[in-house]
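Every number for a ligand or one of its atoms is a count from 1 in the order of the listing.
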Amino acid sequence: MKLSNIRLEVMQTIEKSIDELLIKYLKPIEDNWQPSDLLPDSKEPGFFEEIEEIQELAKEMSYDLFAVLIGDTITEEALPTYETWLMGTEGIAQENKNGWSQWVRGWTAEENRHGDLLNRYLYLSGRVNMREMEITTQHLINDGFDTQTGNDPYRSFIYTSFQELATNISHRRVATLAQKTGNSRLAKICGIIAADEARHANAYKNFVNRILEIDPGEILLAFEDMMKKKIVMPAHFLRESGGEIGSLFSHFSDAAQRTMVYTTQDYIDILKSLLNDWNIENIVGINDSAEKARDYLMALPKRLQRISGRIRIPQKQFEFKWIAVQEGRKKVA
Ligand SMILES: [Fe+2]
Ligand SMILES: [Fe+2]
């Protein structure tokens, strides 16, 4: 039987219990938080005072941290790219309205609140050149992304497990840093988003666990392949107005490293936690190449740790067009 047919069968097997997964990992819409729960109500008389407070507190945040928050928001706003990609995955048939496509819709509907909430906060903060931010967002959606998963569900669920854990970490760190400057509102905003990301990570990790039970050898090979190619961030094609595709990503990533919002160490720690959660070390009864993949994966954290010691992060702050003109030295055309 062809590999892709086996994958399809595995997806169909897991799909039989998808209803239970939907209930476990997605929250009922009526009870779920909405962006407006965390933002000032423009119908209320105290609205402008609350905006003033938001703007005062936003000034307290470091330039780099604010740039990272904007980059995180843009990453969330590129959600159409992620939904399209997942819907195209083998076994997730949008047109059939199967259980898997319902998962993708439910996940997208929850994720959509993240970009909405952060975007609205940034608009009110008085510190953002919204037009520049919007241009970058439009570029990012227009440029798409390359997860290197193809339409393989095994590779895709490994990617999403990794990615949801990464976003959980970064939103959680922004929350902690915002709280340090007394910005409780932003801390709450990022904290509540981080909690969603953690729940989504658990869902994708569970999907991988189920595949591991049915087809361990093949998903090990997929995991090995993903790690050899490295997990690319969804915003790796980031650019600002007038820039080349991908030219802004390293500046965004450097700012995330400088502020310790997301670091090389986090990448290694996520890998370690996945190896542990999926009990990769103890998988047996697989063929030679899958055994090699298992051993490669188990040795990888140490190898990455050695390399990470040699990485130097540029300390010079980059001037992002996203941050309002008065803060930058050069005028934005
Ligand atoms: Fe998100
Ligand atoms: Fe997410």
Side-chain angles (χ1 to χ4, degrees), residues 21-22 24-27 29 32-39 68-89 92 100-122 133 136-137 140-141 144-145 147 149 153 155-176 178 186-208 226 231-238 249 252-253 256 261-262 266-267 269-271 273-274 277:
L21 295 173
L22 295 177
K24 190 167 176 194
Y25 294 112
L26 295 173
K27 286 200 166 173
I29 294 172
N32 217 337
W33 64 264
Q34 295 299 335
S36 55
D37 300 336
L38 294 120
L39 294 165
V68 171
L69 176 62
I70 299 171
D72 285 349
T73 305
I74 293 165
T75 308
E76 294 283 355
E77 291 283 53
L79 184 61
T81 302
Y82 319 140
E83 184 186 22
T84 314
W85 159 66
L86 275 173
M87 278 298 189
T89 301
I92 303 181
W100 280 117
S101 63
Q102 188 51 50
W103 160 262
V104 175
R105 277 191 294 276
W107 170 82
T108 304
E110 285 200 349
E111 285 283 341
N112 188 52
R113 290 134 67 243
H114 302 173
D116 276 0
L117 173 55
L118 290 170
N119 188 316
R120 228 172 287 163
Y121 169 84
L122 289 174
M133 181 178 136
T136 299
T137 305
L140 188 60
I141 297 172
F145 76 155
T147 51
T149 58
R155 284 175 176 76
S156 300
F157 291 159
I158 285 162
Y159 182 88
T160 46
S161 298
F162 201 101
Q163 199 51 58
E164 295 285 20
L165 287 172
T167 46
N168 166 261
I169 290 174
S170 55
H171 289 308
R172 200 153 32 85
R173 296 259 171 78
V174 175
T176 307
L186 183 60
K188 206 169 166 195
I189 287 173
C190 294
I192 209 166
I193 294 173
D196 272 10
E197 308 291 13
R199 187 160 40 78
H200 295 162
N202 284 337
Y204 287 114
K205 284 196 289 183
N206 183 308
F207 302 161
V208 171
M226 287 305 292
I231 304 280
V232 289
M233 293 298 131
H236 73 130
F237 284 162
L238 206 66
F249 181 73
F252 166 52
S253 162
V261 166
Y262 186 74
D266 292 319
Y267 185 92
D269 291 345
I270 290 172
L271 171 61
S273 79
L274 290 175
D277 287 355

Strictly distance-based, threshold 3.5 Å: is any side-chain N or O of Thr108 a donor or acceptor partner for the main-chain N or O of Val104? yes
Are any N, O or S atoms from His200 nearer to the Fe ion (ligand 1) than 2.8 Å? no
Has Glu164 got an N, O or S atom lying less than 2.8 Å from the Fe ion (ligand 1)? no
Take the Fe ion (ligand 2) as the vertex and measure to OE2 of Glu111 and OE1 of Glu197; round to 10°. 90°
Check for me whether the distance between the ring centres of Phe157 and Trp107 falls short of 6.0 Å. no
In His114, which N, O or S atom comes closest to the Fe ion (ligand 1)? ND1
Looking only at the aromatic ring of each residue, does the gap between the centers of Tyr159 and Phe162 stay below 6.0 angstrom? no
For residues Trp103 and Phe207, establish whether the separation of their ring centroids is below 6.0 Å. yes
